[in-house]
Amino acid sequence: MKAKKRVSVIAYFLMIAVFWLCSCQTIHDNSVTEYPYHSAAENIDANIKDDDTESLSKGYMNALKEYNKNNSEENAQLVASILKRMNNLLKVYTEDKNYEQAVDIADTLVNLGVEPDIPYEDCYRNYLAELEASDDVDNFTIESIKNRMGDKKLLSENEIAAFLDDYFKQNNIGLFSYYLNHYKEKYLTLTARFPDLEKKFGILLDNTAAPDFEMLMKSVVTVILDKGIVIKNGVGGQDKSLGTGFFIDGNGYILTNHHVIAEHVDPSYKGYTSVKVSLRDNPDIEYSAKVVGWDKIYDVALLKLLGHKNENFMIPGISGSMKTGDKIFTIGNPLGIRYTVTSGIISNREIDIFQMGQGFQVDAAINPGNSGGPLIDERGQVVGIVFAGIPQYAGISFAIPFEWVRQTIPLLYRGGEVKRSWMGAGLYHDYERGNLQFYYLMPGGGADEAGILPGDVLVSINGQNVSGIAQAQSLTAWEKSGGIIRVGINRNGQNMELPVRLDDRPQIPVEQIFKKDSYTNIIKLITGMRIEQTRRRFGVRYYKIDYVYKGMPAYSLNISEGDPLIVYGIKYLSKEKAVVISINYTNREISMMQRSVTLALPAEINNLL
């Protein structure tokens, strides 16, 4: 009997030991499958199953990593052969008239310092000609390609002048002035060759007038989400919710908030839904609308009005030029009271409410029904989209800066949910040193794969100097997933440039990180504590605190560096989109005082690149 008890006790402790060992493991994404070949180069080559941009980029990064470890002739030949395959793929795409894919692979080659076999400018001009010849391509997409060409100096000064003239004809002083100043720095003789550009800017200034709200209202619509009949207490009634939207072109396309029509595109919603739109001139007629594309991160959606043409649409402005205190207006349907104009100012232009970039806080009255309406400047141009107000606190409302939306619109026109790119890294803005540091790297992510290390300072992306996290995100997020970009870093005083492959950015990156990384690194990412695990016992983790990043959640807790930290549990709550961490630590202001707290921190953090 005693022997049996001893066996059961031993078995119990063995089970605990196995559980403890398994739970301590870090999950990594192994992007390279092991093959039974005699060299790493052969394994990598065998893993490139398809000749497409993503497969070749992944193979190139693996080959480069192996070459950096062992610069043998075999590894050098592998790197060269992958680049050759990329150039061959470029030729195939061009011959097959797959010009968009040709541009993607050409971008990767140029970022790797390789001259494409098809001239780089020709790749872009073929793609632009294809877009301009199509009846189904929107002007926002064509404009975005022209901007990319202009930034790469693939347009002539004549073409830049014509590009600016389009904004002049639209009476769009915001975009005209922005791009005039932008391209003057890249094309140094632009204004000398075309002095009328400065004159046109003066004409636009002279033509600036107060907004005509009666005309602007013709560009604004009421968006209705019809969820059929709902029965409450035995009584049936229509279940409808109202929002606002506005036309962005003359072909019936409308911008609104994603949350206004969220149930309609949510596969988990099982009820009936339909999206309809009513107009200022015919408020009692509801037209059917199609949801073309949506973006959950910025809470925007693109609708297409069916069976109706529109002549009036909003002119996009430049949100980046807006300053705190600038006058703004909104048009919307608060509480179902249609076509209401409210006014106010930009109260704060740097509110951290998105995963990428920052939002506007405004003091204009915003209520349910205003969502999706335009935020308008004193010229009558759109500088944002209203998306939230706090009813119990008057004068605290929020809007999405239109500069972020404008970059998203071409992706919305493509249809479906918007996808972006990322390199799987966390950035810390060190205001004391005036730089951006990589403080977190997701295992198997593009930044980790490229050899970027914690503590490296971000200097540039694709040759453009970077000064803030939002700018870094802007330069990365709209690049092609699967391609390679150039990332300039400073490591211990030495500047270098590394190729970094991009992946599809998850809607909530932290959710993916929880599946890939250790709790030690996740705690650093979320709280801003760099810690070292000392031991673990019965599910409780013991750490030593090495460093606390100023301005991050742990710093506000008065946690001391060098002190012990006990973590009782850490969990990601998908429904609440939050990370919950229970800890015990020493308060640095009150010596030897132990505090036990449970932190509920948002998973949608905004410092991931």
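In this structure, A472 and V466 approach most closely via the heavy-atom pair CB-CG1, 3.7 Å. Minimum heavy-atom separation, I452 to V500: CD1-CG2, 4.0 Å. Of all heavy-atom pairs spanning L441 and A447, the tightest one is CD2-CB, 3.7 Å. Closest approach of F387 and N257 over heavy atoms only: CA-OD1, 3.2 Å. Nearest heavy atoms, V382 versus P374: CG2-CB, 4.2 Å.
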| query | Do D295 and R420 pass the salt bridge (Lys or Arg N to Asp or Glu O under 4.0 Å) test, and can you show the C-alpha distance, the side-chain angles, and the key distance before you say yes or no? | reply | CA-CA 10 Å; D295 178 1; R420 293 187 180 82; 2.4 Å; yes
Practice task
Check step by step if side chain to side chain donor-acceptor pair (under 3.5 Å) holds for D249 and Y413.
Solution key: CA-CA 12 Å; D249 65 17; Y413 272 99; 2.6 Å; yes
Exercise. Let me see the working for E497 and R491 under salt bridge (Lys or Arg N to Asp or Glu O under 4.0 Å), right down to the final yes or no.
Key: CA-CA 10 Å; E497 203 168 44; R491 179 179 295 167; over 6 Å; no
Next item on the list: Evaluate the side chain to side chain donor-acceptor pair (under 3.5 Å) criterion for residues Q355 and N606: first the C-alpha distance (whole Å), next the side-chain angles of each, then the deciding distance (0.1 Å), finally the verdict.
Entry: CA-CA 4 Å; Q355 292 188 57; N606 68 345; over 6 Å; no
Dump the intermediate steps for side-chain contact (heavy atoms from CB on, under 4.5 Å) on R379 and I173, then the final yes or no. CA-CA 8 Å; R379 302 184 182 105; I173 186 173; 2.9 Å; yes
> Can R486 and L498 be said to form a side-chain contact (heavy atoms from CB on, under 4.5 Å), step by step?
Replying inline: CA-CA 6 Å; R486 292 176 290 122; L498 300 175; over 6 Å; no
Under the criterion side-chain contact (heavy atoms from CB on, under 4.5 Å), I'd like the reasoning laid out for I531 against T520: C-alpha separation, chi angles, the key distance, then a yes or no.
CA-CA 7 Å; I531 56 179; T520 300; 3.8 Å; yes
- Task: Take D503 and R505 through the test salt bridge (Lys or Arg N to Asp or Glu O under 4.0 Å) and record every step on the way to the result.
- Result: CA-CA 6 Å; D503 292 309; R505 181 185 174 108; over 6 Å; no
(request) With salt bridge (Lys or Arg N to Asp or Glu O under 4.0 Å) as the test, would you mind laying out the steps for E143 and R148 before giving the verdict? (result) CA-CA 9 Å; E143 178 189 321; R148 282 171 63 181; over 6 Å; no
| field | Intermediate values then yes/no, side chain to side chain donor-acceptor pair (under 3.5 Å), Y572 and E511 | value | CA-CA 7 Å; Y572 170 67; E511 186 172 323; 3.0 Å; yes
Practice task
Take F514 and V510 through the side-chain contact (heavy atoms from CB on, under 4.5 Å) test and state the conclusion after the steps.
Solution key: CA-CA 6 Å; F514 253 84; V510 167; 3.9 Å; yes
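Partner of D151 under the side-chain hydrogen bond (donor to acceptor under 3.5 Å, both in side chains) criterion, chosen from Q464, K186, H182: H182. The only member of Y439, Y555, Y431 that meets ring pair (Phe, Tyr, Trp, His ring centres under 6.0 Å) when paired with Y549 is Y439. Among E54, E449, E479, the one residue that satisfies the salt bridge (charged side-chain N to carboxylate O under 4.0 Å, His left out) test with R501 is E449.
Using a 30° and 60° split on the angle between ring planes, W404 and Y298 fall in the tilted class, from 30° to 60°.
In this structure, N111 contributes its side chain and D107 its backbone to a donor-acceptor pair below 3.5 Å. With hydrogens and angles ignored, the 3.5 Å screen pairs no side-chain donor or acceptor of E350 with any backbone N or O of F360. Under the 3.5 Å distance criterion, the side-chain polar atoms of W294 are left unmatched by any main-chain donor or acceptor of V300. Between the side chain of N607 and the backbone N or O of Y428 there is no donor-acceptor pair closer than 3.5 Å. When atom types are taken as modelled, the side chain of K65 and the backbone of A450 share no donor-acceptor pair closer than 3.5 angstrom. Not a single donor-acceptor pair under 3.5 Å links the side chain of T324 to the backbone N or O of S347. Side chain of S57 to main chain of T53: a donor-acceptor pair is present (N/O by atom type, distance under 3.5 Å, no hydrogens or angles). Side-chain atoms of Q471 come within 3.5 Å of backbone N or O of N465 as a donor-acceptor pair. Panel note: side chain D517, backbone N521; no donor-acceptor pair is recorded below 3.5 Å. At least one donor-acceptor pair under 3.5 Å links the side chain of S156 to the backbone N or O of E159.
With contacts defined as side-chain heavy-atom distances shorter than 4.5 Å, the pair V110/P116 qualifies. Contact of the F329 side chain with the T342 side chain is not registered, since no non-hydrogen atoms from C-beta on lie closer than 4.5 Å.
For the atom pair OG1 of T330 and CG of L375, the computed distance is 7.0 Å after rounding to the nearest 0.5 Å. Considering CG of L565 and CD1 of I523, their distance stands at 6.5 Å, rounded to 0.5 Å. In this structure, CG in L302 is found 5.0 Å from CD1 in I248, a value given to the nearest 0.5 Å. For the atom pair I605 CD1 and I526 CD1, the distance stands at 4.5 Å (nearest 0.5 Å). Put simply, OH on Y187 and CD on E185 are 13.0 Å apart, with the number rounded to the nearest 0.5 Å. Atoms CG and CE, on D448 and M442 in that order, are 8.5 Å from each other to the nearest 0.5 Å.
With respect to K550 and E432, a salt bridge is recorded, a charged nitrogen being found less than 4.0 Å from a carboxylate O. Between K419 and D504, none of the side-chain N atoms (NZ, or NE/NH1/NH2) sits under 4.0 Å from a carboxylate O, so this pair counts as no salt bridge. Electrostatic pairing of E157 and R193 counts as a salt bridge here, judged by a charged N lying under 4.0 Å from a carboxylate O. Of the charged side-chain nitrogens involved, at least one lies within less than 4.0 Å of a carboxylate oxygen, so that D165 and K200 count as a salt-bridged pair.
The cationic atom of K146 (NZ for Lys, CZ for Arg) does not lie both less than 6.0 Å from the six-membered ring centre of F163 and within 45° of the ring axis.
Other residues, nucleotides and ligands contribute over 12 non-hydrogen atoms within 6.0 Å of the CG atom of N181.
Inspection of the N147 and Y183 side chains reveals an N or O donor paired with an N or O acceptor under 3.5 Å.
Taking N435 as the reference, D430, R433, Q437, V457 meet the side chain to side chain contact (heavy atoms under 4.5 Å, CB included) condition, with sequence neighbours excluded.
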